[in-house]
A.B. asks: 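One structure coming up, written as structure tokens, with questions to follow.
Only heavy atoms go into these numbers, but all of them, side chains included; no hydrogens, no water, no symmetry mates. Note that ligands are numbered from 1 as they come in the structure, with each ligand's atoms numbered from 1 the same way.
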Amino acid sequence: MSVSPSGAGRYAPSPSGDLHFGNLRTAVLAWLFARRSGRRFLLRVEDIDTQRSSTESADRQIEDLLTLGLDFDGEVWNQQDRYPAYEAAVEELRARGLVYECYCSRREIREASGAPHVLPGCYPGTCRDLDDVTRDRRRAELAADNRVPALRLRAEVTEWTVRDHYAGDYTGEVDDLVLRRGGQCPDWAYNLAVTVDDAAQGVDQVVRGRDLLSSAPRQAYLAHLLGYPEVGYVHVPLVLGPERKRLAKRDGAVTLRQMLEHGSMAGVRSRIARSVGVDGVSDMGDLLERFDPAALPGDDVVWVAPDQRGR
Ligand code: GLU
């Protein structure tokens, strides 16, 4: 792995509950990749979803990551402090004619997305070319209900290719993605916030769960439009629950605090270490020395609750 003294990696959790085994494992992997390559390692609280985020949850997450033995450089960033930067990025795109208002409800998008020519999960472009009279009318209709329109990117491509450490060159769809959500509480959108913040923090290595690989082309395209440097992606396998879906709280004793009720901190660390391909670690420093990215198991890990193991 090449050493990048000026670069940074990061872990960027959304504070909507305690971190579970899958989140902790991804955090450890992000830390391992950053530290092994001589990068700084940053922590960013992705609390733009104002309905679901809480400061208490962010504090508990940070405490858990420190207890686990990870260390971070610099201040922890909160996305709620970053709104002026998101506004400025959207303004820059708007000045270049690359932003438009979207008045669609979720239902309208769902119905239109079912049309044969629309790729699944992609915005069908309903509001892209509306005339000014229609825009004024639709904006007024929303305003009467105390709502504002969403803002979307006028994408000039339909796909983009990123380079991923494990997936190689990955080409994925790019649609007219949301930059700011509409409605009564217009939150900034994840793809915008993550792109602006990674650039502002000098992040050049993004390690995260591979469920986000399909978002990477959208983010990389946005970064390209904003003139940001390219980042290197490392999308890692997920931890799945017993039903082979992304691990969730209902799958048993999955959070650090719950795991500690059933066992020791050393046990949790060695379980995480084993899941990334290293047996019998004594502490995080030992794991850092012995971790080999090439030996990371390629398959998703299936979670077995501590109280069900050995039965
Ligand atoms: N906040 C996202 C999450 O908790 C991660 C985003 C990212 O790493 O780009 O799933």
Side-chain angles (χ1 to χ4, degrees), residues 7-34 39-55 57-62 64-65 68 70 72 76-82 85-86 89 160 162-167 170 172 174 177-179 181 187-223 226 228 230-241 245-249 254-256 300:
R10 49 52 161 198
Y11 183 59
S14 305
S16 56
D18 285 348
L19 298 171
H20 60 52
F21 182 77
N23 307 131
L24 297 168
R25 177 179 188 266
T26 303
V28 168
L29 282 167
W31 178 82
L32 289 168
F33 268 89
R39 286 178 168 82
R40 288 173 297 131
F41 188 56
L42 312 175
L43 180 64
R44 182 170 75 228
V45 176
E46 299 212 318
D47 53 359
I48 35 168
D49 186 340
T50 47
Q51 308 287 310
R52 299 181 60 223
S53 303
S54 84
T55 317
S57 165
D59 291 345
R60 284 169 67 97
Q61 292 186 344
I62 296 170
D64 286 354
L65 293 167
L68 192 60
L70 303 189
F72 301 95
V76 176
W77 280 31
N78 287 285
Q79 289 192 322
Q80 286 192 23
D81 300 332
R82 302 274 307 143
Y86 308 147
W160 199 255
V162 296
R163 167 138 293 208
D164 183 84
H165 183 85
Y166 291 112
Y170 171 83
V174 174
L177 51 107
V178 172
L179 300 170
R181 292 200 236 161
D187 285 331
W188 294 102
Y190 158 67
N191 282 319
L192 174 78
V194 92
T195 305
V196 170
D197 287 346
D198 280 341
Q201 291 191 285
V203 168
D204 65 346
Q205 180 190 63
V206 169
V207 181
R208 58 188 179 190
R210 68 176 165 206
D211 53 335
L212 290 171
L213 178 61
S214 61
S215 304
R218 289 179 172 84
Q219 294 164 13
Y221 174 60
L222 202 47
L226 289 163
Y228 301 157
E230 275 181 38
V231 304
Y233 292 101
V234 186
H235 287 91
V236 296
L238 298 178
V239 177
L240 305 180
K245 294 202 186 106
R246 204 175 193 277
L247 187 66
K249 300 270 164 51
V254 290
T255 69
L256 181 62
D300 292 333

A.B. asks: Can you name the atoms of ligand 1, numbered from 1 with element, that are less than 4.0 Å from a heavy atom of V194?
C.D. replies: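 Listed by number with element, the hits are 9 (O).
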A.B. asks: Where do Y170 and H235 land on the ring pair (Phe, Tyr, Trp, His ring centres under 6.0 Å) test, with the steps shown first?
C.D. replies: CA-CA 11 Å; Y170 171 83; H235 287 91; 7.9 Å; no
A.B. asks: Can you list the steps and then say if N191 with V178 is a side chain to side chain contact (heavy atoms under 4.5 Å, CB included)?
C.D. replies: CA-CA 8 Å; N191 282 319; V178 172; over 6 Å; no
A.B. asks: Once you restrict to heavy atoms under 4.0 Å, what part of Y11 touches ligand 1? Side chain, backbone, both or neither.
C.D. replies: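 The answer is neither; Y11 stays 4.0 Å or more away.
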A.B. asks: Would you mind running through ligand 1 and noting each atom that sits below 4.0 Å from a heavy atom of Y190?
C.D. replies: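 Answer, ordered by atom number: 6 (C), 7 (C), 9 (O).
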A.B. asks: Which of the atoms of ligand 1 are close to E46, meaning less than 4.0 Å from one of its heavy atoms?
C.D. replies: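 Those atoms are 1 (N), 2 (C), 5 (C), 6 (C).
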A.B. asks: So do the side chains of D18 and Q61 get within less than 4.5 Å of each other, counting heavy atoms only?
C.D. replies: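 A side-chain contact under 4.5 Å is absent here.
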A.B. asks: Determine, step by step, whether Q80 and I48 satisfy the side chain to side chain contact (heavy atoms under 4.5 Å, CB included) criterion, reporting the C-alpha distance in whole Å, the side-chain angles of both residues, the deciding distance to 0.1 Å, and the verdict.
C.D. replies: CA-CA 6 Å; Q80 286 192 23; I48 35 168; 5.8 Å; no
A.B. asks: Side-chain contact test, heavy atoms from C-beta onward, threshold under 4.5 Å: evaluate it for R10 versus L43 and give yes or no.
C.D. replies: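 The answer is no; the side chains never approach within 4.5 Å.
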A.B. asks: Any N or O of A12 that comes nearer than 3.5 Å to an N or O of ligand 1?
C.D. replies: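 Such a contact does occur with ligand 1.
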A.B. asks: Test of understanding: given a 4.0 Å heavy-atom threshold, classify the contact between R10 and ligand 1 as side chain, backbone, both, or neither.
C.D. replies: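 It is the side chain that gets close, since no backbone atom is under 4.0 Å.
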A.B. asks: Going by the order shown, which atoms of ligand 1 are within less than 4.0 Å of some heavy atom of R208?
C.D. replies: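 What qualifies from ligand 1 is 7 (C), 8 (O), 9 (O).
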A.B. asks: When you look for heavy atoms under 4.0 Å from ligand 1, do you find them on the side chain of P13, its backbone, both, or neither?
C.D. replies: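 Answer for P13: backbone.
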A.B. asks: Starting from atom 3 (C) of ligand 1, which protein heavy atom do you reach first, and at what distance in Å?
C.D. replies: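 Result: S14 OG, 3.6 Å.
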A.B. asks: Could you list the residues that satisfy salt bridge (Lys or Arg N to Asp or Glu O under 4.0 Å) with R25, not counting sequence neighbours?
C.D. replies: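 R25 satisfies salt bridge (Lys or Arg N to Asp or Glu O under 4.0 Å) with no other residue.
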A.B. asks: Nearest to atom 10 (O) of ligand 1, what protein heavy atom do you find, and at what distance?
C.D. replies: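 Going by distance alone, atom 10 (O) of ligand 1 is nearest to L212 CD1, 4.3 Å.
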A.B. asks: Please examine the side chains of L179 and L222, heavy atoms only from C-beta on, and report whether any two atoms are closer than 4.5 Å.
C.D. replies: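 Counting from C-beta outward, L222 and L179 do come under 4.5 Å.
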